Amino acid sequence: MSMGRILCAGLGPGDPELMSVKADRAIRGARHIAFFRKAGYAGQARRIVEGMLAPGSIEHAMEYPVTTEIAFNSLEYTETLARFYDLWADHLAQLAETEEVVVLCEGDPFFYGSFMHLYTRLKGRVPVEVIPGITGMSGCWTATGVPITWGDDILCVLPGTLPEARLVAQMREAEALVVMKTGRNLPKVRRALAEAGRLADAWLVERGTMADERVARLADLPEGDYPYFAIVLVHGQGRRPEIDT
């Protein structure tokens with residue numbers, strides 16, 4: 001019996017043309033394709049690879065049992081998702097006994113990627129390879145047309161799920177900021193930026209690199225929640241030899 005493997009392909013920030021050559025080749029040649037999605041939706045990862053899959057390829061949609069229905073920091077949420085990842089790790093490991101399975105992951109799989117939860121369960125059981133991808137934050141700060149860091153700037157990446165007081169403390173400390181996981185956390189992120197004195201310099205990039213991308217100063221936008229695929233940025237203003245003379 002031949003041994004298969006799990007190959008996770010980082011898809012980049014959303015634009016299919018920002019996928020690596022290696023990931024593109026793996027996806028087009030795959031017989032088994034697995035991807036996460038919310039129940040009732042096609043899934044962002046699957047949308048990115050539309051038209052790339054080989055005829056006859058078998059799709060494995062890994063549908064989250066919960067997303068935002070219950071609190072992410074509750075025991076119920078943790079246990080429900082743990083069972084979900086356990087079941088899919090078992091299923092993929094069984095497939096990988098004889099087949100290569102390509103798992104799709106937006107952005108870079110090792111940067112806040114859902115695949116990490118499978119990786120820790122699969123490593124040591126079957127061969128696993130990860131193809132890195134351009135991160136969503138890189139696609140978003142490029143969309144602003146302004147470099148994110150200069151000279152000795154310290155870049156801080158914050159999940160918007162953090163407590164507000166901790167967001168404020170970190171926002172005051174770092175020169176350049178990226179805030180992930182905004183969506184329904186955006187009102188809290190906005191308050192924290194204002195408290196830290198950084199709101200006037202903040203940008204919101206929705207669906208960066210995608211066809212419906214929107215880039216705007218956060219202070220100019222109305223209050224409220226925004227899409228899951230939205231990142232808040234504050235650019236660094238550090239040392240620049242060409243002007244700091």
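Everything quoted here is computed from the prediction, not taken from an experiment. Heavy-atom basis, side chains included; hydrogens, waters and symmetry copies ignored.
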Rounded to the nearest 0.5 angstrom, the CG-NE2 distance for Asp86 and His91 is 14.5 Å
Verify the cluster assignment for Val179 and Phe111: are they in a single hydrophobic cluster under the rule of side-chain heavy atoms below 4.5 Å apart? no
Requested in this report: For residues Ile48 and Phe35, determine if any side-chain heavy atom of one lies less than 4.5 Å from a side-chain heavy atom of the other.
Outcome: no
So CG of Leu7 and NZ of Lys22: to nearest 0.5 Å the spacing works out to 7.5 Å
* Asked: Under 3.5 Å, side chain of Arg198 to main-chain N/O of Ala194, donor-acceptor pair present?
  -> no
d(Ile131 CD1, Ser20 OG) to nearest 0.5 Å is 5.5 Å
Tested for salt bridge (Lys or Arg N to Asp or Glu O under 4.0 Å) against Arg46, the lone hit among Glu63, Glu59, Glu106 is Glu59
Open item on the list: A side-chain contact here means heavy atoms from C-beta on lying under 4.5 Å apart; do Ile134 and Met19 qualify?
Closed with: no
Query raised in the report: Transitively linked via ILVMFWY side-chain contacts under 4.5 Å: Val103 with Ile33?
Result: no
Run the side chain to side chain contact (heavy atoms under 4.5 Å, CB included) test on Asp15 and Met210 for me, step by step, so that the C-alpha distance in whole Å, both residues' side-chain angles and the decisive distance to 0.1 Å come before the verdict. CA-CA 5 Å; Asp15 181 350; Met210 304 178 207; over 6 Å; no
- Query: Side chain of Ser57, backbone of Ala54: donor and acceptor closer than 3.5 Å?
  - Reply: yes
d(Ile6 CD1, Glu99 CD) to nearest 0.5 Å is 10.5 Å
- Within the distance-only criterion (no hydrogens, no angle test), does the side chain of Lys188 pair as donor or acceptor with the backbone N or O of Leu162 below 3.5 angstrom? yes
Residue pair Phe115 / Leu104, side-chain heavy-atom distance below 4.5 Å: no
* To do: Report yes if the distance between the aromatic ring centroids of Phe110 and Tyr119 is under 6.0 Å, otherwise no.
  => yes
#### Entry: Intermediate values then yes/no, side chain to side chain contact (heavy atoms under 4.5 Å, CB included), Thr209 and Thr142
CA-CA 9 Å; Thr209 79; Thr142 302; over 6 Å; no
>> Can you confirm whether Leu218 sits close enough to Trp203 that some side-chain heavy atom of one is under 4.5 Å from a side-chain heavy atom of the other?
In response: no
Is it the case that the side chain of Thr135 and the backbone of Ser138 share a donor-acceptor pair, with hydrogens and angles ignored and the cut-off at 3.5 Å? yes
Residue set satisfying salt bridge (Lys or Arg N to Asp or Glu O under 4.0 Å) with Arg25, at least two apart, ordered chain then number -> none
Would you find a donor on one side and an acceptor on the other, under 3.5 Å apart, between the side chain of Asp201 and the backbone of Val234? no
Transitive ILVMFWY side-chain link Val102 to Leu95, under 4.5 Å:
no
TODO: Take Glu100 and Arg31 through the test salt bridge (Lys or Arg N to Asp or Glu O under 4.0 Å) and record every step on the way to the result.
DONE: CA-CA 7 Å; Glu100 177 175 277; Arg31 183 165 179 267; over 6 Å; no
Find out whether Leu186 and Leu204 are in side-chain contact, i.e. whether some heavy atom of one side chain is under 4.5 Å from a heavy atom of the other.
yes
ask   = Within a strict 4.5 Å, meaning less than it, do heavy atoms of the Arg172 and Glu195 side chains meet?
value = yes
Step-by-step side chain to side chain contact (heavy atoms under 4.5 Å, CB included) determination, Leu233 to Cys140:
CA-CA 8 Å; Leu233 304 165; Cys140 287; 4.2 Å; yes
ILVMFWY cluster, Val101 and Val126 together (side-chain gap under 4.5 Å):
yes
I'd like to know if Met180 and Met171 are part of one continuous hydrophobic network [Ile/Leu/Val/Met/Phe/Trp/Tyr, side-chain heavy atoms within less than 4.5 Å]. no
- Query: For the residue pair Phe36 and Tyr85, does the interplanar ring angle fall in the parallel (under 30°), tilted (30 to 60°) or perpendicular (over 60°) class?
  - Reply: perpendicular
Between Tyr64 and Ser114 the two heavy atoms that sit nearest each other are OH-OG, 2.6 Å
Requested in this report: For residues Glu175 and Gln237, determine if any side-chain heavy atom of one lies less than 4.5 Å from a side-chain heavy atom of the other.
Outcome: no
To the nearest 0.5 Å, atom CG of Leu167 lies from atom CZ of Arg191 at 10.0 Å
In Ile231, Val232, Leu158, the residue satisfying side-chain contact (heavy atoms from CB on, under 4.5 Å) with Val178 is Ile231
Between Ala34 and Leu92 the two heavy atoms that sit nearest each other are CB-CD2, 4.2 Å
Contacts of Asp90 meeting salt bridge (Lys or Arg N to Asp or Glu O under 4.0 Å) (sequence neighbours excluded), chain-then-number -> Arg125
Q) In terms of heavy-atom contacts, does CZ of Arg28 have more than 12 from other residues, nucleotides or ligands at under 6.0 Å? A) yes
When every non-hydrogen atom of Ala23 is compared with those of Gly10, the smallest separation belongs to CB-O, 3.7 Å
Between Pro132 and Pro109 the two heavy atoms that sit nearest each other are CA-CD, 4.2 Å
(Q) Would you say that Thr182 contacts Phe229 through its side chain, given a criterion of any heavy-atom pair below 4.5 Å between the two side chains? (A) no
Practice prompt. Go through Lys181 and Tyr112 one step at a time and tell me if the side chain to side chain contact (heavy atoms under 4.5 Å, CB included) criterion holds.
Written response: CA-CA 9 Å; Lys181 304 180 182 179; Tyr112 295 115; 3.7 Å; yes
Of all heavy-atom pairs linking Ala42 and Arg37, the shortest is O-CD, 3.6 Å
Closest heavy-atom pair, Ala45 versus Leu11, reported as atoms and distance to 0.1 Å, is O-CD1, 3.6 Å
In short, side chain to side chain donor-acceptor pair (under 3.5 Å) pairs touching residues 212-222 with sequence neighbours left out are Glu206-Arg214, Arg207-Asp212
When rounded to the nearest 0.5 Å, the distance separating NE2 of His60 from NE2 of His32 is 5.0 Å
